[in-house]
Each structure stands twice: as structure tokens, then as C-alpha cells.
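This report refers to the structure that appears directly beneath it.
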Amino acid sequence: MDNFTFYSPTYFVFGKDQENDTGKYVKRFGGTRVLIHYGGGSAARSGLLDRVKASLEREGISYTELGGVVPNPRSGLVYKGIDLCRKEKVDFILAVGGGSVIDSAKAIAAGVPYDGDFWDFYKGKPVTEALPVGTVLTISAAGSEGSSNSVITHEDGMYKRGAGGDAMRPVFSILNPALTQTLPPYQIACGITDMMAHLFERYFTRTSDVEVTDRMIEGLLLAIINEAPKVVKDPADYQAQANIMWAGMMAHNNSCGVGRSQDWASHAMEHELSALYDVAHGAGLAVVFPAWMTYMLDRGGVNRLAQLAVRVWGCQMDFENPVNTAKAGIEKLKQFLKSIGMPINFSELGAKEEDIEEMAHKACYGDGGDGTIGGFVKLNKEDVINIYRLML
Ligand code: NZQ
Ligand code: ZN
């Protein structure tokens, strides 16, 4: 296991009706003038936004609003939010929505106290200062409610990039599983795929003796695989949604990733797909991950893949030919993703073969890239092209 530091300051409030106390938590964490940031309409339609506003009013906290965050959130609204916060002297950002809303809120929070262009953070500058962000989560997926990251697409060039820094971790996150009951099954399945991908990105490591985090990842995957069919079939299943919601947070606040090298090439390849075709992040990952795993079969990935196949997918270990076990595990993953309604190839995603070269170039070199991606195996542009081809 490698040396590490781990800082997870977020105060989590979990369970039914907890959003009615949002105002109390904003006050507790020092907010006096709040920007409520939200998406395209689901939070207004469900009445959630009104309940949150009422709770702020009960605490005598003033607020201003900025809605309209789209999935795969854009830079334009971030610039607008930064200007608005400065003009209104906002001292707290409250994100009401999913990963996209939370990421946009984090970008605004980092941008307000910063003299330069907020995009510098998405080119690799660590975020060390930000306004406090609180969240009321409405979808189990990205894990942004507990993570130190934010992912934004710059409209100038359509670069989808991530920024990071503990200063961006939310000060509180309210997780009421009942709020996710209005999600369509497809969106739920996208979220499940994303949280599984966050676990895979950490599982494929070059660090040895990481038994605790290996077992945590495997345990979370087993729980997700068990609960997923229930929530996709019946989004009203509160207990299954509760398990999925906490799994999504655990998968990405990095408690399972400490002390080990991680990969993240699949996320980089997916970000090109969602930047170009505006597909849901989880749907893109459903196509990318099996292809990346297949490419790893003859690049040193067999042992990890076979271990995953045995411990998570229940495959029999073939000691003479562990590659057979590894392949069986990849097949199980594909079947599972298909069973929850995810796409499995380029055409189902609406992606085009002729764009492969451009996406590979952007993934490796675009906007500050050094020509390679991935920590488990360093992939160059040619590798990335080969992996995209496996998705056809
Ligand atoms: O905009 P509204 O109307 O709210 O609709 C949203 C949106 O269309 C809808 N939705 C959310 N909650 C709902 C609901 N519909 C009905 N009922 C509800 N309760 O769902 C759609 C998707 O929302 P979005 O926030 O985009 O989903 P998600 O949480 O999956 O976030 C995806 C974004 O997070 C990034 C992704 O790249 C993508 O841009 N990621 C962020 C990470 C992070 N910050 O740590 C890590 C991830 O790897 C990921 O890259
Ligand atoms: Zn993700």
C-alpha cells in the first residue's frame, strides 16, 4: 500500500424528508447569502425547489437563483454564475440536483474567489480555495456529493475536463433516497453504470497489498449488482434506492481508492463521447469499459480481471488458463449492463466510426494532455483508437 492522506469533510445527512432542514445546514456551515443552483426542471416539477426555499426562508437566509444546468454541464453557465455571485455577494452555493448541477456549483464556487479564468482549474491547476458548497442530491450516480472533483465542458472546442481539490468537497450533502424515485429507469441505470465504473477505475491498480480497498470495492460492486435490478424495475423501491444512493457516494469519495494507483483511462475516453454526442456519462461508460477491459487482456490485465471475475461475478477460476476466467468476467459485465438497459456498442450510443481519430487525439492531447492516458497501462493515441474500434 502507498502512503496517502485522506480528507473527507462532508457532513452527510441521509434519509426521508431531510431536505426540509436544508436551511439549518446552510446556517450551520456559515451561509448567509446563497446561490441556489439547479437543472432543467425536475427539481421544480417535484416541488423540491420550493421546499428547499421554504427551509432557507425559515432560517432567515436570503438567496438568489440560477437554474438551467444541462447534463454534461457547460462553461457558459459557470461564467454567468461567477458574475452573479460576485454581484450579489453570495457566500454559499447550494446545488439542488445531480452530478451536473453539483459540478457546475463547484466550478462557480472555485471561480468566485479566483482572479483568473476558472477554466485554469480544468487544465490542471488544483483548486485550493472555493466558496462552501452544500448539496441536495436527486440522483445516485456521479458521486460528486462526496468527491473533490468537478467535470465541465468548455463550449469553445467542446473540451470535457475535470478539476480537483479538497476545497471543492461539499461541506454538507443531503441524501434522501425518496428524491430519486422520480427518475426514469434509463437514467437510474446510467447512474449505476457510473458508480460501478468509479470502482473499476480504482480496482485496476499497479499497487500491491491493497487488500482492504480491494475488498471494499468488491463488496460495493456485489451490493450494487444485487440492488440494481430492483431499482431499475421499480424506482419506487425506497430501500433499494437507499442502498444504491450510499453506494454511489462510497464509490467516489475515494475511501476505496486511497493508497493505490488508479486508472481513469475509461473516463477520459468516455468524456470525449459525451462531449461530442451529448450522451449520458453512464451510457458512454457502459460501452467503453468492456472494450477497455478486453484490451487489457494481453496488456497485463489478466490477474486483476480474473480476480474480479471470481470474486464479483462468481466465475470459476481456470488455473491453467486464467485468461478464460478474465474473459468470462467481461462477458458477465456486458450481460449485466445489457440487462439494466445500457447500450453496448457505438451504434446504440449514436457514435460514429469516422470520429474515432478526433476523439482519440483530444483524449490524449486536447487542452493540455501529454499524449497518454491511464494509470494501469499508459495508453497512447494508437491504443485509444484501437479501444474505440473494439466498441464498433
Ligand atoms: O436537469 P434536470 O431536469 O434535473 O434533469 C436531470 C438530467 O436530465 C435528471 N434528473 C436528476 N434528478 C432527477 C432527474 N429526473 C427526475 N427525477 C430526479 N430526481 O437526470 C438527468 C441527468 O442528471 P445529471 O446531473 O447529468 O446526472 P449525473 O448525476 O449522472 O451527472 C453526470 C455528470 O457528472 C459528471 C459526468 O461526467 C456528467 O457530466 N461526473 C462527475 C464526477 C465528479 N464530479 O466527481 C465524476 C463522474 O465520473 C462524472 O464524470
Ligand atoms: Zn464517472
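Because the structure is predicted, anything quoted here is derived from the model rather than measured. In each ligand, atom 1 is the first atom listed, and ligand 1 is the first ligand listed. When a residue number appears, it is its place in the shown sequence, counting from 1.
Figure legend: Lys362 and Tyr159 shown as a cation-pi pair, the cationic atom lying under 6.0 angstrom from the six-membered ring centre and within 45 degrees of its axis.
A distance-only check finds a donor-acceptor pair linking the side chain of Arg74 to the backbone of Asn72 [under 3.5 Å]. Asp263 contributes a side-chain N or O that, together with a main-chain N or O of Gly375, makes up a donor-acceptor pair within less than 3.5 Å.
Ligand 1 has a nitrogen or oxygen under 3.5 angstrom from a nitrogen or oxygen of Thr138. Inclusion of Pro73 in the set of residues having an N or O under 3.5 Å from an N or O of ligand 1 is not warranted. The shortest N or O to N or O distance between Pro184 and ligand 1 is not under 3.5 Å.
Among His252, His281, Glu201, the residue whose heavy atom sits closest to atom 46 (C) of ligand 1 is His252. With atom 28 (P) of ligand 1 as the reference point, the heavy atom nearest to it among Gly99, Ala197, Ser147 is part of Gly99. By heavy-atom distance, the residue among Leu48, Asp103, Ile188, Asn176 lying nearest atom 42 (C) of ligand 1 is Asp103.
Proximity of Ala142 to ligand 1, defined as any heavy-atom pair under 4.0 Å, is shared by backbone and side chain alike.
Protein heavy atoms come within 4.0 Å of atom 35 (C) of ligand 1.
Less than 6.0 angstrom separates the ring centroid of Trp292 from the ring centroid of Phe289. Here His252 and Trp246 keep their ring centres 6.0 angstrom or further from each other.
In this structure, Ser46 falls outside the shell of residues with a heavy atom less than 4.0 angstrom from ligand 1. Residue-ligand proximity: Lys160 is placed with a non-hydrogen atom under 4.0 Å from ligand 1. Residue contacts with ligand 1 do not include Gln181, since none of its heavy atoms lies under 4.0 Å from the ligand. Distances shorter than 4.0 angstrom do not occur between any heavy atom of Gly191 and any atom of ligand 1.
For ligand 1, the atoms sitting less than 4.0 Å from at least one non-hydrogen atom of Gly40 are 1 (O), 2 (P), 3 (O), numbered in the order shown with element in parentheses. In summary, the atoms of ligand 1 found under 4.0 Å from a heavy atom of Gly39, numbered by their order in the structure, are 1 (O). Set against the non-hydrogen atoms of Ala141, the atoms of ligand 1 under 4.0 Å away are 29 (O), 30 (O). Near Asp194, meaning under 4.0 Å from any of its heavy atoms, are these atoms of ligand 1: 47 (C), 48 (O).
For the pair NE2 of His198 and NE2 of His281, the angle at the Zn ion (ligand 2) is about 170°; rounding is to 10 degrees.
Aromatic ring orientation, Phe172 versus Phe29: tilted (interplanar angle from 30° to 60°). Ring geometry, Tyr122 versus Trp119: the interplanar angle falls under 30°, so the pair is classed parallel (tilted spans 30 to 60°).
In summary, His252 places no N/O/S atom under 2.8 Å from the Zn ion (ligand 2), failing the contact criterion. The Zn ion (ligand 2) lies under 2.8 Å from an N, O or S atom belonging to Asp194.
Here the rule is side chain to side chain contact (heavy atoms under 4.5 Å, CB included) with Ile108, and of Ile93, Val90, Asp83 only Ile93 fits it.
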